[in-house]
Chemist: 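Before we start, here is the structure in question, set down as structure tokens.
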Amino acid sequence: MAYCATNGNLYENGKAFELKVGIGADFKVQTSGTGSFQVVGKLTQNGAEKVLMMVDLSDFSTVDTITTENVYAGDVSGYYSVTVKNVKGVNKIWGTITY
């Protein structure tokens with residue numbers, strides 16, 4: 001079985017970016033800076049967004065708003081892309097999609 005990853009910035013310098021999911025399933029996200037944000041999945045390119053529940057890998061709690069620099073994970077299978085919204089106070093957000 002092959003292991004591939006897509007890495008990229010989701011937020012930097014006040015601008016949000018999308019990561020295309022493709023055939024990916026597992027998603028991890030981390031931030032630098034103190035603040036909060038939500039991870040959203042899009043079902044289609046121009047479709048509706050859904051706020052994703054993420055698992056804090058330090059204690060396995062689930063959240064819909066990320067407020068720490070811990071690594072969070074979530075399932076993005078079936079989504080077209082992921083991005084962030086409601087970003088407050090963070091400098092940079094990056095993510096990895098593996099499949």
Side-chain angles (χ1 to χ4, degrees):
M1 173 187 234
Y3 173 82
C4 298
T6 301
N7 298 304
N9 291 337
L10 290 168
Y11 181 85
E12 187 172 33
N13 297 324
K15 183 172 177 166
F17 304 97
E18 287 186 2
L19 279 179
K20 297 230 178 8
V21 173
I23 60 170
D26 298 321
F27 175 66
K28 292 184 181 69
V29 66
Q30 190 172 18
T31 186
S32 67
T34 304
S36 63
F37 65 94
Q38 293 177 309
V39 176
V40 294
K42 288 186 175 182
L43 296 173
T44 62
Q45 184 173 5
N46 296 315
E49 297 176 340
K50 178 182 182 204
V51 175
L52 302 179
M53 293 298 293
M54 303 297 291
V55 177
D56 184 339
L57 295 181
S58 70
D59 63 7
F60 299 105
S61 61
T62 57
V63 298
D64 64 359
T65 301
I66 295 173
T67 59
T68 69
E69 292 183 335
N70 295 341
V71 176
Y72 290 80
D75 180 6
V76 294
S77 56
Y79 287 96
Y80 172 80
S81 65
V82 290
T83 188
V84 293
K85 72 176 190 177
N86 300 325
V87 180
K88 296 178 184 115
V90 300
N91 301 321
K92 185 175 182 180
I93 304 167
W94 58 93
T96 302
I97 298 171
T98 56
Y99 46 97

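Residue numbers count from 1 along this sequence.
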Chemist: For Leu52, does its backbone N or O pair with a side-chain atom of Gln38 as donor and acceptor, under 3.5 Å?
Modeler: no

Chemist: Quick one: do Leu19 and Leu10 satisfy side-chain contact (heavy atoms from CB on, under 4.5 Å)? Show the steps, please.
Modeler: CA-CA 7 Å; Leu19 279 179; Leu10 290 168; 3.9 Å; yes

Chemist: Kindly compute the distance separating CD1 (Ile66) from CZ (Phe37), expressed to the nearest 0.5 Å.
Modeler: 4.0 Å

Chemist: Any side chain to side chain donor-acceptor pair (under 3.5 Å) pairs touching residues 23-37, not counting sequence neighbours?
Modeler: none

Chemist: Under a single-linkage definition using a 4.5 Å side-chain heavy-atom cutoff for Ile, Leu, Val, Met, Phe, Trp and Tyr, are Val40 and Met54 assigned to the same hydrophobic cluster?
Modeler: no

Chemist: Where do Ser61 and Asp59 come nearest, in terms of heavy atoms and distance?
Modeler: OG-OD1, 2.8 Å

Chemist: How long is the straight-line distance from OG1 of Thr6 back to NZ of Lys20, given to the nearest 0.5 Å?
Modeler: 11.0 Å

Chemist: How far apart are the closest heavy atoms of Asn70 and Ser58, and which atoms are they?
Modeler: ND2-OG, 3.2 Å

Chemist: Mind checking the OG1-CZ spacing from Thr96 to Phe27? Nearest 0.5 Å is all I need.
Modeler: 8.0 Å

Chemist: How close do Leu57 and Phe60 get, heavy atom to heavy atom, and via which atoms?
Modeler: O-CZ, 4.1 Å

Chemist: Please round to the nearest 0.5 Å and tell me the distance separating atom OH of Tyr79 and atom NZ of Lys50.
Modeler: 4.0 Å

Chemist: Answer with yes or no whether the hydrophobic clustering places Val84 together with Leu43; edges join I, L, V, M, F, W, Y residues whose side-chain heavy atoms lie under 4.5 Å apart.
Modeler: yes

Chemist: Hydrophobic cluster membership, with links at side-chain heavy-atom distances under 4.5 Å among I/L/V/M/F/W/Y: are Val82 and Trp94 in one?
Modeler: no

Chemist: So how far is it from Asn13 CG to Tyr11 OH, rounded to the nearest 0.5 Å?
Modeler: 8.5 Å

Chemist: State which residues pass side-chain hydrogen bond (donor to acceptor under 3.5 Å, both in side chains) with Asn46; sequence neighbours excluded, sorted by chain then number.
Modeler: none

Chemist: Can you measure from CD (Glu49) to NZ (Lys85) and round to the nearest 0.5 angstrom?
Modeler: 5.5 Å

Chemist: Could you pull out the closest heavy-atom pair between Tyr72 and Val63, with the gap in Å?
Modeler: CE2-CG2, 3.6 Å

